[in-house]
Amino acid sequence: MKKGQLTLAIESSCDDTAAAVLHGLEVKSNVRHSQLEHSAFGGVVPEIASRKHGQLISAVVNQALIDAQVDKTDLTAIAVTQGPGLLGSLLVGHSFAKSMALALNLPLINVHHMKAHILAHFLVEDGVQPRSSISFPFLCLTVSGGHSQIVRVDDWNDFTILGETLDDAVGEAFDKAAKLLSLPYPGGPEIDALAQQGKARFEFATVKMPGLDMSFSGLKTSFIQVMQRHQQLHPNTLIDDLPDWCASIQKALISPLIQRTTMAMKQEGLHDIAIAGGVAANSHLRSSLTDVAKHSGWTLHLPPLSYTSDNAAMVGAAAHFALQHDQIDHVSSSAKARMPIDA
Ligand code: KG4
Ligand code: ZN
């Protein structure tokens, strides 16, 4: 393969072991191993996650090189998620990336996980024209298992949080609600799929938050109360009416996101809006925002489903911008569980 900027990107912040090879912003390979071991526990078990990353990382990286038809000696940079995330998980990918950078004498690029989710909008598929016309500035609703933020993105490294959840992340709320319904982890995709055949007929108490901030933990309490009340009259309701419960819970969790995002777009006077993170795969969020954007005259950027959940291509996208601005990191840097997006 012709030399150019050829980056190996590694992601291991939670329960996905992932590696990708990128030529600039063009994705040459994107390999992801989702750890299914956590499903039985109803959530990610940090100790299991880091152990699995350790077992999988070399095979996943190797596969990314094979899929891209690239030899490791062709690489020109190593990018890796530095944080935020589970420290034990991050350390596996980060140590592996540092070792590769040292062994191959290549620059190391540390990437912020949530910035990577957002910058995935700039990825280009192998040999295909850019699929998104996105450009700075834009507003991004970043929604995952650990974050729910409304972010103003002015440049590749200029992020301002306009609003965020003050307690649970919306993905976490989906997962907790799924547990109440005895659905497996991760619960978001399960609720989304079942909601397609249901009617949002159950009402929950909404929590009014000031400004653009949000809260999801109160909704969980309301889910429990409404379920218990209904179970007194219909003991089997959680089984018999499962799709209706899913549609109702989904609506309750997505509505505040749409409402706050709309407020933020008006406040900032922006024209472009994007969504990012695992919950950006949610069909109700995608269709509701499509309607609002059409009505409001905004350009909406929906990421392909392959780039919503954790992946390494997005890490390569963020690294591309860093490399263009000569922002290289040192191999003595370490992984960080907490990293603000607006620092
Ligand atoms: O970004 P991500 O893969 O990992 C984190 O960085 O957290 O997001 C995972 C979260 C989980 O909470 C999962 O339930 C949620 O994204 N999720 C969804 C959907 N697909 C994944 N939530 C709602 N609807 C979906 N279709
Ligand atoms: Zn993520």
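Values in this document were obtained by computation on a predicted structure and should not be read as measured data. Just follow the structure's listing: the first ligand is 1, and inside any ligand the first atom is 1.
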Look at ligand 1 and say whether [X] reaches it with a heavy atom at a distance under 4.0 Å.
| X | result |
| --- | --- |
| H117 | yes |
| C14 | no |
| H113 | yes |

Item to check | Those residues that, when tested against E172, pass side-chain contact (heavy atoms from CB on, under 4.5 Å) (two or more places apart) | outcome: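 Checked E172 against side-chain contact (heavy atoms from CB on, under 4.5 Å); matches are D168, A169, K176.
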
Item to check | Under the side-chain contact (heavy atoms from CB on, under 4.5 Å) test, residues paired with D155 that sit two or more places apart | outcome: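 Checked D155 against side-chain contact (heavy atoms from CB on, under 4.5 Å); matches are F136, D158.
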
Checklist entry - Any N or O on G171 sitting closer than 3.5 Å to an N or O of ligand 1? => result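 Yes; the residue has a nitrogen or oxygen that sits under 3.5 Å from a nitrogen or oxygen of the ligand.
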
Checklist entry - Does G277 reach ligand 1 with a nitrogen or oxygen that is under 3.5 Å from one of the ligand's nitrogen or oxygen atoms? => result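 In this structure, G277 places no N or O atom under 3.5 Å from an N or O of ligand 1.
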
Next on the checklist: Just to confirm my numbers, could you give the angle made at the Zn ion (ligand 2) by OD1 of D310 and NE2 of H117, rounded to 10°?
Outcome noted: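 Vertex the Zn ion (ligand 2), arms to OD1 of D310 and NE2 of H117: 90°.
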
Checklist entry - Hey, is the Zn ion (ligand 2) within less than 2.8 Å of some N/O/S atom on H113? => result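 So H113 does bind the Zn ion (ligand 2) by this criterion.
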
Checklist entry - What's the spacing between H301 NE2 and I275 CD1 if we round to 0.5 Å? => result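 Separation between the atoms: 11.5 Å.
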
Next on the checklist: Could you tell me, atom by atom, which parts of ligand 1 come under 4.0 Å of a heavy atom of G146?
Outcome noted: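 Those qualifying, in numeric order: 7 (O).
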
Checklist entry - Looking at G145, which atoms of ligand 1 are within less than 4.0 Å of one of its heavy atoms? => result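 Selected atoms, number and element: 5 (C), 7 (O), 8 (O), 9 (C), 10 (C), 12 (O).
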
Checklist entry - So, do F41 and Y185 have ring centers that fall under 6.0 Å from each other? => result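 No; Y185 has its ring centre 6.0 Å or more from that of F41.
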
Checklist entry - Which word best sums up how the rings of F138 and F122 line up, parallel for under 30°, tilted for 30 to 60°, or perpendicular for over 60°? => result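 Taking F122 first and then F138, their aromatic rings sit tilted (interplane angle of 30° to 60°).
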
Item to check | Donor-acceptor side-chain pairing of H113 and S13 below 3.5 angstrom | outcome: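 The criterion, which ignores hydrogens and geometry beyond distance, is satisfied for S13 and H113.
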
